[in-house]
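Have a look at the structure below, then the notes.
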2 protein chains.
Amino acid sequence: MLMKKEVITPEVTIYDIASHLGLASSTVSRALQNNPIINKNTRKKIAAAAEELGYRRNNYAVNLRTQRTRTIGIIVHELKSHFITSVLAGIGQVAAQSGYDIIIGYSAESVVKEAANARNFFHKRVDGVIASLAMDTADLSHFQPFQDKNIPLVFFDRAEDQPNSTMVVIDNTRCGYEATHHLAQRGCRRIALVTGNRKRNVYEQRYQGYLQALSDNDIPFREELVMINDLDEKGGMQAAETILNMKDRPDGIFITNDFAAAVCMRQLQDAGIRIPEDIAVVGFNDDNICKLVNPQLTTIHYPGKEMGEIAARNLIDHLDGVTSISNASRIIVRSQLVIRESSLH
Amino acid sequence: MLMKKEVITPEVTIYDIASHLGLASSTVSRALQNNPIINKNTRKKIAAAAEELGYRRNNYAVNLRTQRTRTIGIIVHELKSHFITSVLAGIGQVAAQSGYDIIIGYSAESVVKEAANARNFFHKRVDGVIASLAMDTADLSHFQPFQDKNIPLVFFDRAEDQPNSTMVVIDNTRCGYEATHHLAQRGCRRIALVTGNRKRNVYEQRYQGYLQALSDNDIPFREELVMINDLDEKGGMQAAETILNMKDRPDGIFITNDFAAAVCMRQLQDAGIRIPEDIAVVGFNDDNICKLVNPQLTTIHYPGKEMGEIAARNLIDHLDGVTSISNASRIIVRSQLVIRESSLH
DNA sequence: GTGAAAGCGCTAACAA
DNA sequence: TTGTTAGCGCTTTCAC
């Protein structure tokens with residue numbers, strides 16, 4: 001005996017609609033896709049019958065037949081920042097508009113999980129992938145299967161040049177420069193940099209911007225003022241601790257992540273340091289938290305929603321055949337320094 | 001001519017494996033499912049061939065054939081809180097362990113979006129649903145299609161009694177009581193309550209707990225000290241404003257959401273009010289933000305991860321036929337008051 | 001322990 | 001404008 005789950009409402013197929021109306025299943029199929037080749041009246045009748053009978057289309061059958069899933073996979077290195085949720089909102093909106101589903105994978109800054117997500121998406125047969133790389137991703141070979149099957153890849157924020165893929169990024173060098181330059185202009189002469197691993201190019205670029213700004217402001221570079229960590233809660237703590245233990249403390253800090261900056265700031269304040277009077281602080285991302293901490297945090301803002309929209313639009317245009325195949329490109333989005341209390345002394 | 005996307009690596013099916021090995025496709029299918037009826041050696045050979053040929057199983061075909069998707073849909077009213085991400089982590093872990101996929105829908109506190117997500121999940125043919133209701137959800141009819149098809153439903157946190165569904169919740173009355181009682185014990189005599197719409201039962205219950213604690217501590221209830229809003233940024237602001245405009249300000253506030261509490265606190269501080277000296281504050285949820293604000297926020301903690309695990313385990317056991325069909329039940333999870341600086345004066 | 005064959009629900013080429 | 005039909009890749013009954 002075939003074990004079947006007790007079904008209360010029976011499943012309605014296009015065949016049921018067809019026989020109900022005395023039509024062929026293909027006519028129903030076409031009508032349900034709003035194919036103009038079918039008589040408008042027939043289309044209406046079919047739509048009504050579908051509604052009436054409680055038809056729900058079986059996407060598994062559709063996907064099996066069409067060999068497409070209308071699904072795009074998104075891999076993000078974190079989930080809780082305002083930036084990432086904005087990007088996801090942007091992608092989601094464009095995708096929904098174009099009739100694509102999205103599935104979200106979370107790497108938690110680990111290549112291993114990133115690769116697992118990529119594998120998962122590959123097996124789910126996504127039509128395209130949008131990704132921001134994890135902190136420690138150096139080898140991109142887990143994206144190879146997509147390349148091999150001509151599945152388009154778009155990177156945003158944390159991106160690396162890849163053959164046949166697009167990237168949507170900000171000018172991190174300029175951001176690093178502006179943040180540092182701002183601190184210098186406010187009178188800081190010992191500017192610390194707390195940032196991520198320089199193997200991740202965004203951090204390398206912010207570092208280069210930092211160096212350039214120091215140089216342009218005639219501030220000598222001091223190795224001991226550069227701290228590299230994961231920019232998480234622990235990273236913020238560590239940075240604060242290191243700074244507290246310095247004989248010559250910095251008078252300005254550029255931390256390339258708002259959350260880490262908030263943690264660090266809090267820690268410094270608990271040790272009696274006044275911000276911005278003793279040490280000015282600049283973060284990165286313009287997360288919601290910036291306006292909640294005391295003093296409010298100066299930071300670099302960049303438009304997450306817009307980046308998401310651009311990434312999705314690019315990918316989907318490609319999938320729908322609107323743009324040509326090999327338009328591997330780099331799209332640079334504007335960013336800006338948002339000055340708040342934490343750097344105004 | 002059939003339009004086919006240019007395929008670089010051809011797709012491998014069980015037929016390719018079968019003919020490669022001189023076997024029947026059914027044998028391959030069984031072997032790939034690790035069916036013990038197939039000779040162990042044959043199974044090994046088939047696994048090797050699958051690997052070698054780069055086989056990836058087509059879940060769309062599987063789902064079409066088996067009429068199950070091994071997918072569970074999750075609807076959450078928000079995404080960015082620590083509580084929700086913990087729940088999702090808990091569900092995700094149990095689901096992965098049991099070979100289920102999850103898809104996440106976000107209602108942003110709106111019934112309309114909640115219903116849209118439900119519809120979407122229904123059309124995606126999820127095997128089960130886990131949900132926390134939006135702020136303004138009163139009518140649950142958008143879950144009816146699941147009931148009609150015997151698709152199991154589990155609610156967590158924001159739940160309503162429904163026939164044939166399970167709920168995983170905390171004792172909100174007790175939480176409301178404890179928070180209020182704590183403030184009273186610290187000497188507060190005018191305790192404000194900022195909470196969500198009482199049509200959502202969790203808020204009604206916290207309100208009842210508040211009332212009970214007032215009564216037990218011989219504090220008269222004052223209507224003007226109860227503020228109802230959406231507990232978002234705007235809600236926090238509004239509450240602060242209302243309080244600042246009072247002639248007789250409260251000396252304690254219980255805001256049933258940490259983020260709103262943080263916003264409110266900040267606003268009050270900006271107006272020169274000292275916390276906890278002038279006004280003590282208790283939040284709700286034990287979000288990360290509690291430790292970042294100054295002073296650190298007293299709150300109600302409850303175990304998100306565990307609630308997620310319980311919800312998922314329950315649902316999946318049901319789907320896999322481990323538990324009987326109609327065990328509609330209510331599971332109550334422990335919660336506790338976490339005392340920090342914001343209420344210690 | 002393995003094979004043959006039907007069919008899940010749909011789309012699209014081809015025919016009418 | 002509509003109908004006929006093959007087949008997407010898999011599982012599972014039934015037969016051997």
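Per chain, numbering begins at 1; letters A, B, ... match sequence-line order. Note that the structure is a prediction, hence the values are computed from the model and not measured.
Going from atom CD1 of Ile14(B) over to atom P of dT2(C) covers 15 Å, rounded to whole Å. One atom, CZ of Arg65(A), and another, C1' of dT11(C), lie 4 Å apart when rounded to the nearest Å. The separation between Ile37(A) atom CD1 and dT2(D) atom P is 10 Å, rounded to whole Å. Note: CZ (Arg68(A)) to P (dA12(C)) measures 11 Å, nearest angstrom. Put simply, CG on Leu64(A) is 9 Å from C1' on dG7(D), counting in whole angstrom units. Atom CG in Asn63(B) sits about 12 Å away from atom P in dT12(D), given to the nearest Å. Atom CD1 in Ile17(B) sits about 11 Å away from atom P in dT11(D), given to the nearest Å. Atom-to-atom, CD of Glu11(A) to P of dG9(C) comes out at 8 Å; the value is rounded to the nearest Å.
The stretch residues 25-36 of chain B touches DNA chain C through Ser26(B), Thr27(B), Arg30(B), each having a heavy atom within less than 4.0 Å of the strand. Of the residues in residues 45-59 of chain A, not one places a heavy atom less than 4.0 Å from an atom of DNA chain D.
Residue Gln67(A) places at least one side-chain N or O closer than 4.0 Å to OP1 or OP2 of dG9(D).
In this structure, a donor-acceptor pair under 3.5 Å is present between the side chains of Lys124(A) and Asn120(A). A donor atom on one side chain and an acceptor atom on the other are found under 3.5 Å apart for Asn34(B) and Arg43(B). A side-chain donor from one of Gln33(B) and Ser29(B) sits under 3.5 Å from a side-chain acceptor of the other. Asn58(A) and Tyr60(B) share no side-chain donor-acceptor pair at under 3.5 Å. Under 3.5 Å, the side chains of Ser141(B) and Gln144(B) contain no donor-acceptor pair of N or O atoms.
Aromatic pair Phe143(A)/Phe122(A): centroids not less than 6.0 angstrom apart.
Counting only heavy atoms from C-beta outward, the side chains of Leu133(B) and Arg200(B) approach each other to under 4.5 Å.
Checking Tyr15(A) against Thr42(B), the closest nucleotide of DNA chain C that is more toward the 5' end is the one next to Thr42(B).
In terms of heavy atoms, Arg57(A) sits closest to Asn59(A) at NH2-OD1, 2.9 Å. Minimum heavy-atom separation, Val168(B) to Ile310(B): CG2-CG2, 4.0 Å.
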